[in-house]
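Single-structure report; data block below.
In what follows, residues are counted from 1 in the order of the sequence shown. Computed from heavy atoms alone, side chains included, the values below leave out hydrogens, waters and symmetry copies. When a ligand or atom number is given, it counts from 1 through the structure's own listing order. Since we're looking at a predicted model, the values are computed, not measured.
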Amino acid sequence: MSALALLGGSPLIDSDKPLIAPAWPPICETTAEKLKALYLSAQWSFNCPAEQTFARDFAAYHGADHGVFMVNGTVTLEAALAVCGVGPGDEVILPALTWPATAMAVHYVGATPVFADVEPSTLCLDPKRFEEAITPRTRAVIPVHLYGSTADLEAILAIARKHELYVIEDCAHMQGGKWAGKGVGSHGHIGSFSFQQSKTMASGEGGICLTRDPVLAEKLYRFKHIGYPDGSRQGQAATAPPAGLVCHNYRATGFQAVILSDQLTGLEALIARYNRGRAILAEALDPASGFRLQAPGRLASPQGFYGLAIFAEGDALTQLPRERWVEALVAEGFGGFGGSYGPVYRHLLYNMDPASYRLPEGGCPVAEDLGTARCLTLFHTWLGADETTLRTIAAVLNKVGTQAEALLEQPATSR
Ligand SMILES: *Cc1c(COP(=O)(O)O)cnc(C)c1O
């Protein structure tokens with residue numbers, strides 16, 4: 001094997017033959033025709049037939065009875081917390097590693113986010129750390145199914161049941177994923193999904209709450225629809241919303257629903273392709289490289305993906321600063337790896353007063369170290385690439401990982 005490109009060897013991938021991931025978001029001519037038809041029908045919003053069809057089909061796919069379609073996957077989390085009655089004085093436990101929106105939703109309802117550490121295998125909420133964080137003020141937990149794994153729903157649901165807590169699954173990364181044979185988002189009280197344009201189903205903006213509980217479904221519907229009950233025509237609300245439920249206009253439109261209904265048709269095949277892509281990477285990755293892939297959720301099958309986390313754990317890799325081995329990977333000709341979100345409480349966009357949230361004593365070492373300083377992510381589209389591309393990505397990791405010691409010997413040149 002040639003020397004590392006960073007140290008003067010030849011790169012594994014020729015610069016004139018870069019690897020290419022399938023384009024995202026996906027576009028489709030037949031969907032464009034349907035969008036035109038919807039436009040001409042003038043039935044654009046207010047729970048129009050296109051929205052009803054999508055919400056029903058998406059809920060059914062995931063094993064839930066009700067789907068309430070909204071404008072994004074942040075307000076769906078806010079809605080879920082609000083209809084569960086979470087508010088000022090309450091605490092909500094969530095994993096330290098997630099997109100800041102998960103924590104912001106807790107702030108929106110006036111409650112206190114309580115961060116807990118994640119599992120080293122999955123990067124999802126660690127059930128033990130969750131249980132330790134429970135106080136008499138805890139009202140809810142938000143397990144996040146992160147990148148390419150599903151939180152341990154079995155353990156989390158058992159703990160939540162014991163302490164009578166609401167469980168709101170943040171499934172923004174997990175469209176089409178299943179746990180113990182049943183869709184994510186239908187295991188807890190409410191499941192929240194995002195259809196922002198980078199997600200595995202994408203309509204520019206969009207989100208949905210799933211639930212099996214008809215009372216929560218009715219409240220969710222009113223919450224996003226400025227108080228209207230389901231079935232009312234515009235300007236003709238049949239009944240008032242329940243006292244104390246502060247409702248919003250968080251409606252999406254039929255345009256998003258049309259795009260998503262078409263994507264739902266291909267979701268099972270897409271998820272199968274991503275699982276195959278992960279399996280190819282797993283098989284091609286040399287354990288001696290010191291790189292390890294994020295494990296799928298324990299009972300997840302199929303596993304959904306927003307991406308796949310990859311950990312640098314080898315002796316030499318862990319002695320190097322992250323930038324150094326990332327630089328070595330890029331020098332081999334593959335710039336497709338991304339970083340992790342890092343802990344929410346360190347995120348640039350999370351500008352909340354530290355007095356308004358809580359961390360465990362000793363912080364969240366797994367999220368901070370393994371989940372950030374030693375973590376790469378591969379965006380989901382790469383998992384849909386052809387076998388040669390996937391094997392080449394693994395070869396880049398194998399080359400840098402097995403020769404990482406050479407990077408230790410050779411100090412970084414100043415640039
Ligand atoms: C994308 C995302 C959200 C928020 O969804 P938006 O539709 O962008 O508002 C929430 N949680 C997680 C984990 C996400 O990745």
Side-chain angles (χ1 to χ4, degrees), residues 24-25 54-55 58 67-82 92-109 113 115-116 118 122-125 140-151 153 156 167-177 184-185 188 190-210 223-224 248-253 255-257 259-260 263 294 297 303-309 338-345 347-350 367 371-372 375 377-381:
W24 202 262
F54 171 66
F58 189 84
V68 182
F69 189 40
M70 301 189 210
V71 73
N72 63 57
T74 301
V75 299
T76 48
L77 289 165
E78 179 191 355
L81 290 163
V92 178
I93 297 169
L94 72 161
L97 267 191
T98 178
W99 176 241
T102 317
M104 291 309 294
V106 180
H107 290 287
Y108 297 154
V109 299
F115 294 103
V118 297
T122 63
L123 284 191
C124 299
L125 180 64
V141 60
I142 311 181
V144 180
H145 308 312
L146 197 74
Y147 303 132
S149 195
T150 309
L153 287 170
I156 289 167
V167 178
I168 296 164
E169 294 174 65
D170 185 345
C171 308
H173 289 191
M174 209 45 62
Q175 293 84 355
V184 296
I190 298 176
S192 163
F193 294 75
S194 162
F195 305 117
Q196 177 257 86
Q197 64 184 2
S198 69
K199 307 291 163 90
T200 324
M201 285 178 65
S203 58
E205 300 292 345
I208 199 168
C209 280
L210 301 186
F223 183 87
K224 72 115 183 195
H248 296 258
N249 173 7
Y250 285 162
R251 294 188 295 265
T253 71
F255 297 101
Q256 288 128 306
I259 295 171
L260 293 166
Q263 289 176 9
Q294 178 184 21
Q303 176 63 63
F305 292 93
Y306 178 56
L308 181 64
S340 98
Y341 295 134
V344 173
Y345 50 84
H347 200 285
L348 187 67
L349 297 179
Y350 191 65
T372 306
C375 185
T377 53
L378 194 59
F379 190 55
H380 62 92
T381 52

Per atom 7 (O) of ligand 1, closest listed option by heavy atom (Ser194, Ala172, Cys171): Ser194

If you measure every N/O of Gly73 against every N/O of ligand 1, is any gap under 3.5 Å? yes

Of the side chain and backbone of Asn72, name the one, both, or neither that has a heavy atom under 4.0 Å from an atom of ligand 1. both

Donor-acceptor pair, side chain of Thr98 and main chain of Val144, under 3.5 angstrom: no

Between Tyr147 and ligand 1, which residue portion shows a heavy-atom distance shorter than 4.0 Å: side chain, backbone, both, or neither? neither

Could you tell me whether the side chain of Gln197 and the main chain of Gly204 form a donor-acceptor pair under 3.5 Å? no

Before signing off on this row, confirm whether His173 and ligand 1 have an N or O atom pair separated by under 3.5 Å. yes

Validation row: Phe69, Gln256 side chains within 4.5 angstrom (heavy atoms): yes

Give the residue and atom name of whichever protein heavy atom lies nearest to atom 2 (C) of ligand 1, and the separation in Å to one decimal. Lys199 NZ, 2.6 Å

Atom indices of ligand 1, in the order listed, that fall short of 4.0 Å to a heavy atom of Thr102: 11 (N)

Before you tell me yes or no, could you show the steps for Phe305 and Phe379 under ring-ring contact (aromatic ring centres under 6.0 Å, His included), namely the whole-Å CA-CA distance, both residues' side-chain angles and the distance that decides it to 0.1 Å? CA-CA 9 Å; Phe305 292 93; Phe379 190 55; over 10 Å; no

What protein heavy atom is closest to atom 11 (N) of ligand 1, reported as residue, atom name and distance in Å? Asp170 OD2, 2.8 Å

Does Leu308 offer a backbone N or O that forms a donor-acceptor pair with the side chain of Gln294 under 3.5 Å? no

Given the side-chain rings of Tyr341 and His347, with only the six-membered ring counted for Trp, is the space between their centroids under 6.0 Å? no

A student checking ligand 1 against Thr98 at a 4.0 Å heavy-atom cut-off should list atoms 13 (C)

Phe193 to ligand 1, any heavy atom closer than 4.0 Å: no

Looking at residues at least two apart in the chain, or sitting in another chain, which of them share a ring-ring contact (aromatic ring centres under 6.0 Å, His included) with Phe193? Phe58, His62

Give me the nearest non-hydrogen protein atom to atom 9 (O) of ligand 1 as residue plus atom name, then the distance to 0.1 Å. Thr74 OG1, 2.5 Å

Can you list the atoms of ligand 1 that are under 4.0 Å from a heavy atom of Tyr341? 15 (O)

Under 3.5 Å, side chain of Trp24 to main-chain N/O of Lys199, donor-acceptor pair present? yes

